[in-house]
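Reckoned from all heavy atoms, side chains included, excluding hydrogens, waters and symmetry mates. Here is the naming used below: chain letters follow the sequence lines, and residue numbers restart at 1 for every chain.
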Protein chains: 2
Amino acid sequence: MFKELDPLLHSQLRLAIVSILMSVDSAEFTYLKEQTQSTAGNLSVQLDKLSEAGYIQIDKSFNGKKPLTTCSITKKGIKAFDDYVKTLQGYIKK
Amino acid sequence: MFKELDPLLHSQLRLAIVSILMSVDSAEFTYLKEQTQSTAGNLSVQLDKLSEAGYIQIDKSFNGKKPLTTCSITKKGIKAFDDYVKTLQGYIKK
DNA sequence: TAAAGTAGTTTATAAAATAAACCAAATTTG
DNA sequence: CAAATTTGGTTTATTTTATAAACTACTTTA
């Protein structure tokens, strides 16, 4: 029937973030912000949620004295994304 | 880049409703409730939203003296669903 | 050295989803 | 046959989520 769509991925911004991270090795905060056209605040919140779920890994370092946040997808995140896409097929392929 | 996902369809329940209505001529309230495993309250609210957007048509009649709510998708709804799926491909086909 | 910019985080607010409570009629049950 | 339950919903309240606004800390530039 209709399997639950992982609510963590069923959000426009988080889906876009994960989608980007699926296609690159890692991405910086500013890159994600630019690509997704999101505000920094919203991006920050959604990255935290994905990180807390273990879907992405966030590495906070410094570029000289500027903070530098780098994100990458985890195995768990890849699995979740794949599952999400499969579940979604069940909705739209009817 | 990342086109906006129609917020009216980007909801688990409404997507399931529209998905069902895409595959049948019409469906009764009770059938939709059973198929989507939703509560009557939630279903009622979401059907109203889809109806107000012109995505579905709701016909309220009586079966003897019991209310009978029958729903079907509209042309606008079909278009919106197709667009939604296309937009989504842009997210997941990366 | 004051103003503006960078790279974010935290907190507040708006919007959405969901649940709970309710209604009217019909049906079942003790 | 009268009370309790079920059916087919709607309305209202609550919770959750997404988003925006405000803030921090440091840096660059005029």
Side-chain angles (χ1 to χ4, degrees), chain A residues 2-21 26-53 55-72 80 84 87 91, chain B residues 2-21 26-53 55-72 80 84 87 91:
Chain A
F2 291 96
K3 248 184 71 190
E4 220 223 337
L5 281 164
D6 184 343
L8 244 124
L9 291 181
H10 198 62
S11 131
Q12 187 150 245
L13 183 49
R14 288 194 302 269
L15 188 61
I17 293 166
V18 169
S19 167
I20 290 169
L21 294 180
S26 73
E28 292 173 16
F29 187 94
T30 47
Y31 177 79
L32 290 173
K33 179 168 176 284
E34 182 192 301
Q35 290 293 310
T36 59
Q37 305 267 55
S38 62
T39 61
N42 194 8
L43 183 57
S44 178
V45 169
Q46 307 311 329
L47 286 177
D48 277 356
K49 284 188 189 170
L50 289 170
S51 167
E52 258 167 59
Y55 288 5
I56 68 172
Q57 206 196 310
I58 301 183
D59 179 56
K60 281 163 206 274
S61 63
F62 281 88
N63 176 21
K65 291 194 182 158
K66 281 185 200 166
L68 179 66
T69 300
T70 310
C71 310
S72 57
Y84 176 79
T87 302
Y91 281 72
Chain B
F2 292 98
K3 248 185 71 191
E4 219 224 339
L5 281 164
D6 184 344
L8 244 123
L9 291 182
H10 198 62
S11 130
Q12 185 148 239
L13 183 49
R14 288 194 301 269
L15 187 61
I17 293 165
V18 169
S19 167
I20 290 169
L21 294 181
S26 73
E28 292 173 15
F29 188 94
T30 48
Y31 176 80
L32 290 173
K33 180 166 176 284
E34 181 191 302
Q35 290 293 309
T36 60
Q37 306 266 57
S38 61
T39 60
N42 195 9
L43 183 57
S44 178
V45 170
Q46 306 311 329
L47 285 177
D48 277 357
K49 284 187 189 171
L50 289 170
S51 166
E52 256 166 61
Y55 288 5
I56 68 172
Q57 205 195 310
I58 301 184
D59 178 57
K60 283 161 204 275
S61 63
F62 281 88
N63 175 23
K65 289 193 185 163
K66 279 185 200 167
L68 179 67
T69 299
T70 309
C71 311
S72 56
Y84 175 79
T87 302
Y91 280 72

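Between Gln46(A) atom CD and dA20(D) atom P there is a gap of 11 Å when expressed in whole angstrom units. Atoms CD (Glu28(A)) and P (dT6(C)) sit 15 Å apart, rounded to a whole Å. Spacing between atom CZ of Phe2(A) and atom C1' of dA17(C) amounts to 18 Å, rounded to whole angstrom units. Residue Glu34(A) contributes atom CD, which lies 14 Å from atom C1' of dA7(C) at whole-angstrom precision. Note: CG (Leu47(B)) to C1' (dG9(D)) measures 11 Å, nearest angstrom. Leu43(A) has its CG atom 17 Å from the P atom of dA21(D), to the nearest Å. Here dA16(C) presents its P atom at 11 Å from CG of Asp6(B), a figure rounded to the nearest Å. The interatomic distance linking Asp48(A) (CG) with dT10(C) (C1') rounds to 10 Å, in whole Å.
Among the nucleotides dA19(C), dA20(D), dA17(C), the one closest to any side-chain atom of Thr39(B) is dA19(C). Side chain of Val45(B), nearest nucleotide from dG9(D), dT11(D), dA17(C): dT11(D). Residue Lys65(B) places its side chain closer to dA25(C) than to any other of dT11(D), dA25(C), dG8(C).
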Are any protein N/O atoms closer than 3.5 Å to N/O atoms in nucleotides 2-8 of chain D? If there are, list each pair with its distance.
| unit_1 | atom_1 | unit_2 | atom_2 | d |
| --- | --- | --- | --- | --- |
| dG8(D) | O3' | Pro67(B) | O | 3.1 |

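At dG8(C), none of the side-chain N or O atoms of Ser44(A) fall inside 4.0 Å of OP1 or OP2 (strictly under the cut-off).
With sequence neighbours left out, the ring pair (Phe, Tyr, Trp, His ring centres under 6.0 Å) criterion links Tyr84(A) to His10(A).
Interface residues of residues 9-18 of chain B facing DNA chain D, ordered by number: none; criterion, heavy-atom separation under 4.0 Å.
Here the closest heavy-atom approach between residue Ser19(B) and residue Tyr91(A) is recorded as OG-O, 2.6 Å. Taking both residues in full, the closest heavy atoms of Lys33(B) and Thr39(B) are given as CE-C, 4.3 Å, listed atom of the first, atom of the second, then distance.
Of the two residues contacting DNA chain D, namely Gly41(B) and Gly64(A), the nearest-nucleotide position lying further toward the 5' end is that of Gly41(B).
Among the heavy atoms of the strands, none lies under 4.0 Å from Lys33(A).
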